[in-house]
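As C-alpha cells, the structure follows; a few thoughts come after it.
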Amino acid sequence: MEVKKISDYIWEIPTTEKEGMLVPARIYATEKLLREMDAGVFEQVTNVACLPGIQKYAYCMPDGHWGYGFPIGGVAAFSKEDGVISPGGIGFDINCGMRLIRTDLTVGEVRPRIRELVNLLFEIVPAGVGSKGFVKLSVEEFKQVMVRGVDWCIEKGYGWEEDRERIEENGCIEGADPSKISEKAISRGIAQLGTLGSGNHYLEIQIATPDKIFDRAAAKALGIFENQALVMVHCGSRGFGHQVATDYLRVFDAAMRKYGITVRDRELVCAPFNSPEGQDYFKAMKCAANAAFANRQVIVHRLRQGFSRIFGRKPEDMGMHIIYDVAHNVAKLEMHEVDGVEKELVVHRKGSTRCFGPGRREVPEIYRNIGQPVIVGGSMETGSYLLVGTEKAMKETFGSTMHGSGRTMSRTKAKHEVKGSELKKKMEEAGIIVKAVSNSGLAEEAGFAYKDISEVVETMELAGISRKVVELKPIGNIKG
DNA sequence: ATGTGC
C-alpha cells in the first residue's frame with residue numbers, strides 16, 4: 001500500500017489506494033512505529049475510510065493495532081445527517097476507560113504498606129471474568145444507573161459531589177434509554193457494578209516520578225507532586241456493554257440490507273446515524289457508557305475505603321480527589337470544524353482518547369486553561385502517563401489522541417514466552433507488588449507484549465496533539 | 001474485552 005509521508009509523525013494513504021475510499025487515511029506514528037504496525041491496521045483504516053459520511057480522514061493513533069472491523073487506536077467522525085454509527089468503531093467494551101485518583105501520600109508512606117494495600121484492594125474490588133460486585137440492584141435501580149451514571153452513585157453515597165465534574169461528560173451522557181436494552185444485557189450486567197473485569201483491566205498504585213514531571217504548571221493544577229502516590233483504574237462496562245454490542249451487531253446486519261449499505265468487511269456493520277436502528281443503538285450505547293462510568297465510580301469508592309483502612313485516615317484527609325476519568329471506547333456527538341464550518345459530528349473513538357484543548361466548554365472549569373487531562377495506561381511493567389489536550393488536536397484529529405501502548409504480541413504468544421509465576425517474581429524484584437486472579441492472565445499482559453509507551457506518548461507530543469505532564473511508575477497492581 | 005465458540 002502506498003503510504004505518503006506528511007510529516008515525521010503523520011502518514012497518509014491516499015484515496016486512490018482502495019476502491020471506495022471517500023477520504024484518505026492518516027496514521028500518527030514515528031517511522032519505527034509505522035514499520036512495526038501490523039498489516040491489519042492499513043487494511044482496516046482504509047476500509048473505515050469507505051464508510052458513508054466519513055469526514056476529513058480515517059485515523060489510526062500510534063498505539064494502533066488490528067481490531068474488530070476498525071483498528072484499535074482508531075478515530076472516525078461521521079456526518080450526523082448522512083453518516084453512520086458502527087459498533088465496531090466503538091468496541092465491545094463500551095466506555096472502557098481510565099480513571100486517575102490522587103492522594104497526599106508519598107512513596108515513603110505507601111511503599112512499606114504496599115503488600116497489605118494490594119491484598120486488601122484485591123479483596124474489596126472484585127476482579128476476574130464473571131465476578132460479581134457488592135452493590136445489589138433491582139432491575140429498576142440498574143435502569144437508573146444506565147440513565148444517571150455517576151449521579152446515581154453519588155446520591156447513594158458511592159462518591160463525593162466534586163467527583164462529577166472530574167469525569168468526562170460528568171459521568172452521565174444524556175439521552176440513555178433503558179427501553180433499548182435487552183433482558184439478556186440486564187441479566188449479565190445487574191450484578192457487575194463495582195467490578196474490575198479481566199484481560200488488560202487493572203487497578204494500579206503508582207508514583208509520580210520526580211525527574212518525570214514535564215510540565216510543572218499543569219502538574220500543579222492537576223494536584224501532582226514529586227514522589228506522590230496515585231491510583232489508576234482501567235475497566236469498562238463488563239458483560240453489560242459486551243451484550244449491548246452483540247445485540248446491536250445483529251440488529252445492524254438486517255439494517256444494512258434495509259438501507260442498502262455495503263461494507264468491505266462484515267465487521268464494519270453499521271446503520272445510518274439518523275435511522276431508528278442507529279438511534280436505538282446510540283441510546284443503548286449511552287446506557288452502557290453510563291454503567292461503565294458508574295462501575296469506575298463504585299471502584300473508586302471502595303478504594304477510598306481501602307486506603308482509609310490501611311492508613312487510618314479519612315479519604316478526604318488524604319486528598320483522594322479524582323484527577324479525571326476518560327472514555328476510550330465510545331461514540332459522541334461533538335462540534336468540530338470541517339472546511340471552515342462548525343458541524344456536529346458522530347465521533348467514534350475506539351482505543352483512542354478525547355483530548356480537547358484549553359478553553360473548550362467540555363473541559364472542566366478547574367482544568368479549562370491547561371486543556372483536558374488525558375490518562376494513558378502503559379503495560380503493568382513499564383508505567384503510565386498523564387497528558388493534556390491541545391488546540392492543535394482540535395484542528396487535526398477531532399481532539400483525539402492515543403489510549404495506551406497497544407499490543408504487539410498475541411495473548412497466546414505472550415503466555416508461551418513467560419510463565420505467570422516467573423513474571424510475578426520478576427515484577428516483585430523490580431518493586432511492583434502484583435496480585436492477579438490468574439497467573440496465565442498475568443503472563444498475557446507482560447510488558448514485552450506491548451509497544452514502548454514512552455515512544456507512543458512522545459509521538460503525539462512531537463506531533464503537537466497532546467502534551468506530557470507526568471510519567472507514573474507502578475508499585476502495586478491488582479489484575480483480573 | 002467477554003457467563004473466553006453458536
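Order of the sequence lines sets the chain letters (A, B, ...), proteins ahead of strands, with each chain counted from 1.
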Quick one: [X] [atom1] to [N] [atom2], roughly how many Å, whole number?
X	N	atom1	atom2	value
H201(A)	dT4(B)	NE2	C1'	14 Å
E445(A)	dT4(B)	CD	P	18 Å
Y248(A)	dT2(B)	OH	C1'	19 Å
Q243(A)	dC6(B)	CD	C1'	13 Å
D247(A)	dC6(B)	CG	P	13 Å
F92(A)	dT2(B)	CZ	P	12 Å
R250(A)	dC6(B)	CZ	P	10 Å
H242(A)	dT4(B)	NE2	C1'	9 Å

Counting any heavy atom closer than 4.0 Å, what does [X] reach on the DNA or RNA strands: base, sugar-phosphate only, or nothing?
X	answer
R407(A)	nothing
G236(A)	nothing
Q192(A)	sugar-phosphate
K184(A)	base

**Item:** N or O in side chain of T246(A) less than 4.0 angstrom from dT2(B) OP1/OP2
**Value:**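 No.
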**Message:** One thing to verify: whether R354(A) and E362(A) come together as a salt bridge, which I'm taking to mean a side-chain N less than 4.0 angstrom from a carboxylate O.
**Reply:**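 No.
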**Message:** My understanding is that only residues two or more places apart in sequence, or in another chain, count here; which of them pass side-chain contact (heavy atoms from CB on, under 4.5 Å) with Y68(A)?
**Reply:**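 Checked Y68(A) against side-chain contact (heavy atoms from CB on, under 4.5 Å); matches are F92(A), L249(A), E267(A), K350(A).
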**Message:** Suppose we screen for salt bridge (charged side-chain N to carboxylate O under 4.0 Å, His left out). Which residues come up paired with K18(A), at least two apart in sequence or across chains?
**Reply:**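 If we apply the salt bridge (charged side-chain N to carboxylate O under 4.0 Å, His left out) test to K18(A), skipping adjacent residues, the hits are E43(A).
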**Asked** Quick one: is the NZ or CZ of R166(A) closer than 6.0 Å to the six-membered ring centre of Y324(A), and within 45° of its axis?
**Response**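 Output no; distance or angle outside limits.
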